[in-house]
Each structure stands twice: as C-alpha cells, then as structure tokens.
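Every value quoted in this text rests on a predicted model; they were computed, and no experiment measured them. Every chain is numbered from 1, with letters handed out A, B, ... down the list of sequences.
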Amino acid sequence: MTTLSASPAVSAAGRLLRDRRLPVVVTLALFLVMYAWGGYRYSFDAQVAPNLLVNNCYLVVAAVGATFVILTGGIDLSIGSVIGFSGMLLAQLVVVEHVPLAVASLIVLFVGTLGGALMGCMIHFYKVQPFIATLTGLFLFRGLSLVLSKQAISINEPTVSNLAQYHIPLGGDVFLSVGAAVALLTVLVAVVVLHFSRFGRRVYAVGGSEQSALLMGLPVARTKITVYAVSGFCSALAGLVFVLYIQSGDPLHGVGMELDAIAAVVIGGTLLTGGTGYVLGSLLGVLVLGLIKTIISDEGTLSSWWIKIFTGVLLLLFILLQRVIGARGSARS
Amino acid sequence: MSRVVRHHLFWPAAILIALLLFNLPFTPNFFAIHVRNGHLYGSLVSILIFGTPLILVALGMTLVIATGGIDLSVGAVMAIAGALACWYISRQPDQNSVGAVLIAVALALAACVLLGLWNGFLVARIGVQPIIATLVLMVAGRGIAQLITGGFIITVLSKPYATIGGYAFTAPTGVFIVTLAVVAMLALTRRTALGLLVESVGGNSEASRLAGVRARRIKIMVYIFCALLAGIAGLMNSSNLSDADANHAGLWIELDAILAVVIGGTPLTGGRFSIGGSVLGALILQTLKTTIFTIGIPSQANMVFEAAVVIIVCLIQSPDFRRRLMAPFRSAPPPPAPAAVSTQEPVEVSS
Amino acid sequence: MAETQPVLRMTGISKEFTAVRALSEVDFRLYPGEIHALLGENGAGKSTLIKVLTGVYDLDAGAVELNGEQVRITSPHHAQQLGISTVYQEVNLCPNLTVAENIFLGREQTAGGLIKWRSTRTAARRLVAKFGLDLDVSAPLGEYPLAIQQLVAIVRAVEGSSARVLILDEPTSSLDRDEVQVLFSVMRRLKEEGVAIVFVSHFLDQIYEICDRMTILRNGRLVGEHLVSELDRVGLVRAMIGKELGGLEELAEHDRPPIGDPVLRAEGLGRKGGIAPFDLDLRSGEVVGLAGLLGSGRTELARLLFGADTADSGRVEMPGGPVALRGPHVAIGRGIAFCSENRRAEGLIPELTVRENIILAMQAARGWTRRLPREKVDELVARYIRVLDIRPGDPEAKAGALSGGNQQKVLLARWLITEPKLLILDEPTRGIDVGAKAEIQKLVAGLAAEGLSVLYISAELEEVLRLSHTIGVLRDRTLVARLDNGPDVTEERIMETIASGGHA
C-alpha cells in the first residue's frame, strides 16, 4: 500500500515566514529592542517594566476581549464605551445607591456581558455587520454613562482606595498593582480557554472558516454570541480595573480605547480576518504601546502626538507583515 | 401610493419629516426662518449649518461604501485639513489676505488628496482590508494634525477664512458648499459613468473585472474623493470655530457618516448607492441631535437616542428581522418568499 | 458482485427549484463495500442528488431507505448521525488549525473541561498512519498541499461518524497522479471494511480504475446504472453527453465558409494547473467549438484567451502584433469578448438593471469620463432587447430577477454591443430552456456568418457539432485533437477521441 509522507516544510526561510507565531516573535523582539534601547538611553529603573503593566492594566484586559472577537473575524467598537459605562455604573451604585462594592462589581460585570451578548445576537441572528452592531453599542453605552451623570463621580470607598494603593511586592522595591495582577490573571485564563477548551478551539475554527465550522457541525451561533459576551465581560472588567487606577467614574473615560485595544491586538500579530493570533501577542502589543508612551515621555523633547504617529506606523508595519504572511498562495477570502 | 412607499428615499424622507414635525409642539416657531443682521436664522438653518460637515463626509463615504469599502480616517483627515490651513494662515503677516487663504485652502485640499491616495493605495494595490487600511490613518492622522499645530489650538483671525464656515450672501456658506458638493457628486456619478462602475464593482467585483472594469483605479479614486470631501468639511469646521483643534476636530464623525450612509439606504456590503439618501441620513442624524436638544431631553441622552435609532434602522434593514417581525401577521405558514408582495396585508404604513 | 441488501436505496427522487426541475424520478442504490461512480455533466443533477442525500435539500418526491429503513434526512448534521459523510471538492476544514485539531474538532478528548492535547495528538497520529499517511499532526492543515487536506477531510469524515456511506465529491480534481493513488488506496481500504463510497469524478481513467458500478445522470434524469466492466468508455461518454432529446429546430446547414482573416493565434499558450500549452488559430467567420468533459480544461483555455487568468507560457498574436493579455480590459480593448459559464458569479451584476448590465463592458472600455450618451444607450439597449427577445423587455428591470435564459441574453447583449472580433462563449446554453437555447444557437450561427470569430464551448456534443466549423477536443487539461467539421465528423468520432485521448 502506498504511503504518502508529506512534510509542510518548504525551505527554512519559507517555513519561518509561514509560522503563525512569527508576528508574535517579531512583536516580542521589537519590545525587547525598544526596551533595551530605552533602558540604555534613559536608564530605566527596575520599576519601569512592571509599570508598563500597572499603567496599562485596563488596556490589557480590554485587549484580551478584543482578541476573542477578532479571532472569529469580527470587531468590537463598543469596548471604550463599555469601559466608561462600567466605571460610571459602579460609581453610581456604590456612591449614590450605597450598594456593597462586591455586589456592584458583579452587577457591572453582568451588564457588560449581557450587552456584549445582545450585540452578538444582533450580529448572528439578524446579520447586522459587527462593525455597525458594535457601533450602536458604542453610542448606547456612552450615552448611558452620560445619562447616569454628566459629571465624574469620585469613589471614596475605603476598600477601593485600599485596593488601589495595594502594592504586590515582587522583590526589591518592585511591585505590581492589583489591577496589573487582574490583567495577568485575565491573560492566563484567556490562554487556557483559547488553547485548552473546546470553546477556544471553536473560536479559532469560526475565524478560520465559518462555512467549514458549520459543515463540521460546530455550534457557530453559540460561539459567535459567546465571543461578544466575553468581550463585553472583559470590557466591564477593564472598566473596574480602570476605576481602581483612577478611583472615579467619568462618563468620558475610555473614549477611543477600543482603537487602542484593536491596535494592540493587531500589533500583537492577530489577523483581523480571524483565525490566527495569540492572547500573549495582544499582551505584548499593549506593552509595546505602553513602552512607546514611556519612551516619548522620557524623551521630553518629543511631544505626545508622536505616540499616535508611532502607533500608526507600527500598525502599518504589522499589517504589511501580515500581508506578506497572508500571501502564502492560499486563496484569499 | 405603493410606488411612493417603495421609492428608496421614502423611508429616510419620512423619518426626517416626522422628526421635524415632532419638534413643532415643543418649538412652535421651529419652521420659522428670519433675517437678523443680514443673516438667516432659525432652527432649520442651524440644522443645516451644523449638519454640513457631516453631509460632506457622508457624501464621500457613500462612494467608498458603494465599492464595498469603508473609510475610518475621515475624522483625522478633517483635523489635518483644518490644521494645515490654520497653520499656514497663522504664519501670514496679513491674515485677512484672500490670496493667502486661497493658498491655505489649496494646500489643505492637496494634502487631503494625498491622504486619500494613500488609503486607496493600501486598499486597491496592497490589498489590505479597507477597515484596517484606514485605521492606520485614523490613528496616525490625528498625531500628524497635532504635529502640524504643535499641540496647540491655532486660532486664526481671518475674515476670508471665517467665510468658509460662516455666512455668505445672508445664507450660511455651508449651504452653498453642500449644494455645490451634491450637484458635483451627482454630476460626477450620474453624468459620467463613475456611478455605474462604482456600483458594478461593489455589486459583483469579479464580474466587473471580467467586463473590463478597472476596479483598482475606481477604488483609488473614491478614496481620494472621500478624503477631499472630508478635507472640505474639516476646513468648514475649522473656519466656523476660527481655530484648528487637532484633538477634537471631526472626532467620531466617521461613525456618524457611516451611519448616515446606512440610514440613507446604501448597504454596507456595497453596490447600489444613494447620494440623496446619504444627505437625508446626515440630516436625520443632525435633526435628531437638535430635536433632543429642543424638546428638553438632557443632551447627555443624545447618544442613547442615537443608538436606539440606529438599532431600529439596522434591524429594519435586516431581512431576517423583517421576516421574523412579520411572521405573526402572516396566516399561511411562512414560505421563504423573498419579500413577497402580499396584497391582503397592508403592512407598509400608508401615511 | 454479490447481490446483498443495498445500504442505501433512493427511489423516485424529484427536486424542483423555482421553475427548474433539477431531478426527476431518479433512482439510486448503493451496496456496502462498493465504489460507485456518480456521473453526469454540469446541471445533470449530481450535486442536487448529493445534497438531497446529505440533507442540504429536502426532496419534493421520492423515498430514501437506509439499511432497509425509510429515513428523512433533515440536515447535514443528521446525515452524519445516520452514517452518511461527505467530503467536498473544496476542503471544508479550517486551514488555520492543526491536522489533529481538524480531525477531532468538536470531539476532542477532555479532562475536566480541558483538552488532553497529548492523547488527542496520539490518536490523530494513529488514525493518520492507519490511512497510510505520514504527517506532522501538530502542523497547521493549511501548510499541507490540497491533496493531504483532502485526505485529512476523509479521515475526519470516516472517523467522526463511523460512516457507512462516504460521498467523495470531486476529490481528485486538484490532485496529481501520486496523490490520486494514495487516495485510491485509502478508498480501497475503506471498501474492504464495507464502507459504501459514492465517487464523483470527471476523469474517466480514474473511474475505470477504481469504481465497481456507475450511475449516469443527464438533465436531472437517470440515464442508466451499469457495472463498470459492462460499459466501455465510448458508451459512457455517449450516455453522458449524447443526443439531446427534445426538438430543437434544425439550423440551416452551413457550409464551411471561405477561410477568413486570422483574428487570433495562440502559440504554446498554457497555465500550470489550468491547461497544458496549446496552439489555436481563430479566424473571422469561423466557429471553433471546444468539446470535452467537464474539468477537461475547456474553460481554462477560454479564460487564458481573454486574459481572465494570465498565461505562464506561450504567446498570443493578433493582427497588428503580439498581445500581452494582462487582464480582461486588455482583451476587450483588442476586440475579444467572453461570456463566462458561471453567469451568477462571473457575469451578471444582479442588483443592477438590464440596461446597466448591457452597457457595462462598453462603458468600461470607454473609461468613466466618457459616459455613453443616454439616447445612444436607450437605442442600443432597446435594439438588443428586441433582437435577442429579452423578457421582460423592460430595460429598468433588475437583472437578477430575470430567468436564466434571459440573463444569458443580457450578457450576450453586453458583449455584442462592443462589436467584438472574437466572441468566446462558455456554455452559453447551460441551464436554459430549449426555446432560448435554439435562439442562442441561431444567433451564434448568424454572427459567424457576418464575419465574427466565435469560440464556442459546450458540454453537449450535438450542439458543438451543429455549430462549429472546427472542433477542438480536450481531455485532462490538454487540447488533444482538432477536427475539421464535415460529414465524417460525428458524435461517435468525437467521443472516441475523448475516450482515447486523441490516439485513436
């Protein structure tokens, strides 16, 4: 009987270019180079690295949610608004309604998840494009935060300030904040879910080919809706983490944060067409963006707008890199 | 009657009229237009003034969406246009020089053409998904605008420049510009073959290619056109405020514009487009904002209403939703008839 | 072959789509442990039959019996539960996931909700080895050639549902010779295990190599069921593309025209994986017909001549020098027109009106700045609606709402108004009713008489014979013979040429 042995390898270079982990490796390399260069130039102290996480913890959480959605080939524009709304809702519940903090937090997480699931339903059942469906989410949640209150509500709850001030020592004078720990935990859970659960594999399958996933008998509808619910949950969690970071709710918090989250996901090597990418890449993407901010503020002479320009340039580079990887002869969708 | 109802502009127009009439009980002189200091005033006039940038951007967006694309960078392009113009004017010894203002405008619009070319290049040549390709400029563009303004809000005191977003011949200049833009758009798309080619590319891109349509050129062109109109909108916005605010000029207008286009009846999947529909869509959004303001709903609820309107419009446009909505009204087991015209159920509201 | 109980028996299957009868009273039976070829040209009803069997379509009439019990298959999922698995021509797996994941997706072994990757991979490796494959199961599927992906799809299909019936829908169309042999060895192994396999292929050699029995469909009707050993190739080709029933009015006998001016000459033109390099001369006033089975490369040949695909070898000469056909717009500029066989995907723009569809090619050639004057458009459109008898005759009707025949006429009109020198028609009469068919044939003959050069592709030999002055015969992506039409050229002879590959 004939045996067919086939190995996917073509050539070393070809193999490397085909490897789906390449973008993540590139991002990691970029991060390390930037960090080394920045560290050399501005003599970073030991706290700089953990601070990247501390100062961007909410974005890490949001980017995790965005990664789920983008892996299925969708997009979520409501992230920033849900973050802002979550902060406002928490502030309103705790400060005005005197709901216990834990209960209020659970309510916030529930509302965020529900909002995401509803958008998922619109997308799946009524075939509204993800862009438009989540755009309505953007308007709705921003509007709802403004309806709750036009002004920022500061949260003077002692638990909140204790949590916010709490430093998790990492040895020496180096520490992480509670928010940063939550962010790391979220990443960890996301990695396990995406790579070790059936749901996670379905997310990749739907992103790889929704048609195939259907013909393979996978519950595509449930997967798609769940993915938006996960994003809603992560956004709400990011909102809570943001409250810890700022200790207030503001109806204008998180404006445009969905773009940062999406940019981080793309820079982290996830294809916007879906199906390929890693949560760890998104974490790296956020850290790269954070590092740009740090370096530019340390530079002093470079103004803040260079952050945006560099982010744009990075986005462009990674999109072009993805084109190179994507142009592997396989049929484009 | 049913022919009127089925006209593609019927629903957008009906919604707009309903919204306008809705204002009447709250603001009895809503439709009144009077002349003060040689300028036209009134609620309708202010809707027009505030709505013009959105109409312009929506016009450009219509063509992009008709080819099956999307342009997220229009807000950033607006900011860049305003920034460039104000930067140039602010460096002139005589800010009131008409020549200088004309040069500033030309400079800004030329930059917009380049930005549109860039978007078009990424989409049509490199083959990047439109939403991502334009995301690059959406993110970086605002940085570029800030780079031009040096991070400050550049204020200009230039009468000729202020005219662009102000009044000319007693009416708001914006009205003239929009009229001109709409006429130009109609001429460009319906007097030439551009409209047909755009619709064919958006309707069936492979069939168009096999019919000899050069889709790449068409796509590059519509992105340039979209950026150019966004640039004009940016100039009007900046002129109206007499400054260039790189952070806030045109912020989120891309979302409003996309919405206006969708409400106007151009599907996001591309193909048939409606210029009149997009203008109506933009006016609906602007009137909605004004209405919310005039009937005394706190302005912060604005976005909730907007979201509600969008959800309703999107769901109505979704065939699956309509089928489900109408299901209880059908007597027979619903056949999967594609929008079967049923004679016995006047489901369409005959207003 | 032992006449045991058939595992599957379909009787009197009929399926109708809006006004089109896709299947009428087709019988089909399948025995365990046999490989059964399902044969027929485009539109013969093969895919409809398969879709009825796999639960994609509900049948209008008829009965399906599985292991002697009557069943009603409601969905692809249900079909799989019943033990009917399908592998389609386009691999329906996820290229971004690994081989192991693709085999077990949805059925992963888990412990406490977490996937046991190690044992999943081991199981996948074992399975793949059982099928005679040596693969790295943890590599993404997309990195393997299509052949391997196809085999992985079969592994999944067979393993997933302990399939008793396996449908392979054109699995070999993108495989090379060695890969086909591997597939065949897998098929033989499954056959030994008692799996009944339905095999769809356009390659006659493969059918004679692997199949035991065949069922032939034509125009939605059963033509016959034969043991492979009982029907020779000529008989098979005749059964598939033989005389069309139903009275088409005879076209006036046309003599071979005086040889006109050369319009296009292709030398060594070819494209890897599409069509082997070929030479072809096309002259004005001449109809060149292409005969060959589906998948023989007839469409690929036409696409090269139009620049729809770019050739990777050879050259094209037209009066005035060589032409680099870089794209359709170049070909159109040189007076070439092409009606694709795939009207919906590659021809019509359904949401545009009849008028807009008709003028599209001419307008594209003029460029967007030079819009055709409205009076001229109306005049042209009205003329062609009248000449071609397009119904409804409303130029503002949506093209997508027209019937197949009228859509085809709209596309013909689109090209005729560009006044081409060479008109390439790929199956212009497929799926349209007899009346419209006759009209289109008459039109083509008339156009040629007026001096147009026509390249005419049809699955129906009779049609090719009737219209063509010269007939090119294709087989296995190669132009194997050119015959001058005459009294000695008969359907029989063309079928023999196809069957023998031009060596007869």
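Using a 4.5 Å cut-off between non-hydrogen atoms, the part of residues 139-152 of chain B that approaches chain A consists of B:Val139, B:Ala140, B:Arg142, B:Gly143, B:Ile144, B:Gln146, B:Leu147, B:Gly150, B:Gly151.
One distance of note links NZ of A:Lys127 with OG1 of B:Thr269; it measures 14.0 Å at 0.5 Å rounding. Put simply, CE on B:Met138 and CG on A:Leu315 are 11.5 Å apart, with the number rounded to the nearest 0.5 Å. Interatomic distance, A:Leu118 CG to B:Ile311 CD1, rounded to the nearest 0.5 Å: 9.0 Å. To the nearest 0.5 Å, the span separating CG on A:Leu316 from CH2 on B:Trp118 amounts to 4.5 Å. The CG atom of B:Leu122 lies 7.5 Å from the CD1 atom of A:Ile319; values are rounded to the nearest 0.5 Å. A distance of 7.0 Å separates CG of A:Leu135 from CD1 of B:Ile258, quoted to the nearest 0.5 Å.
Neither the backbone nor the side chain of A:Leu314 comes within contact range of chain B; no heavy atom of the residue lies under 4.5 Å from a heavy atom of that chain. When heavy atoms are compared at a cutoff of 4.5 Å, B:Leu137 does not approach chain A at all. For A:Ile75, the part sitting under 4.5 Å from any heavy atom of chain B is the side chain, from C-beta outward, and nothing else.
Side chains of A:Phe139 and B:Leu259 form a contact here, defined as non-hydrogen atoms less than 4.5 Å apart. Side-chain contact check for B:Leu72 versus A:Phe131: some heavy-atom pair is nearer than 4.5 Å.
Taking B:Val128, B:Ile132, B:Asn247 one by one and counting their heavy-atom pairs under 4.5 Å with chain A, the maximum is reached by B:Ile132. Chain B forms more heavy-atom pairs under 4.5 Å with one residue of A:Thr311, A:Leu259, A:Val266 than with any other, namely A:Leu259.
Around CZ of B:Phe50, the count of heavy atoms belonging to other residues, nucleotides or ligands within 6.0 Å does not exceed 12.
Heavy-atom minimum distance, A:Gly312 versus B:Val136: O-CG1, 3.6 Å.
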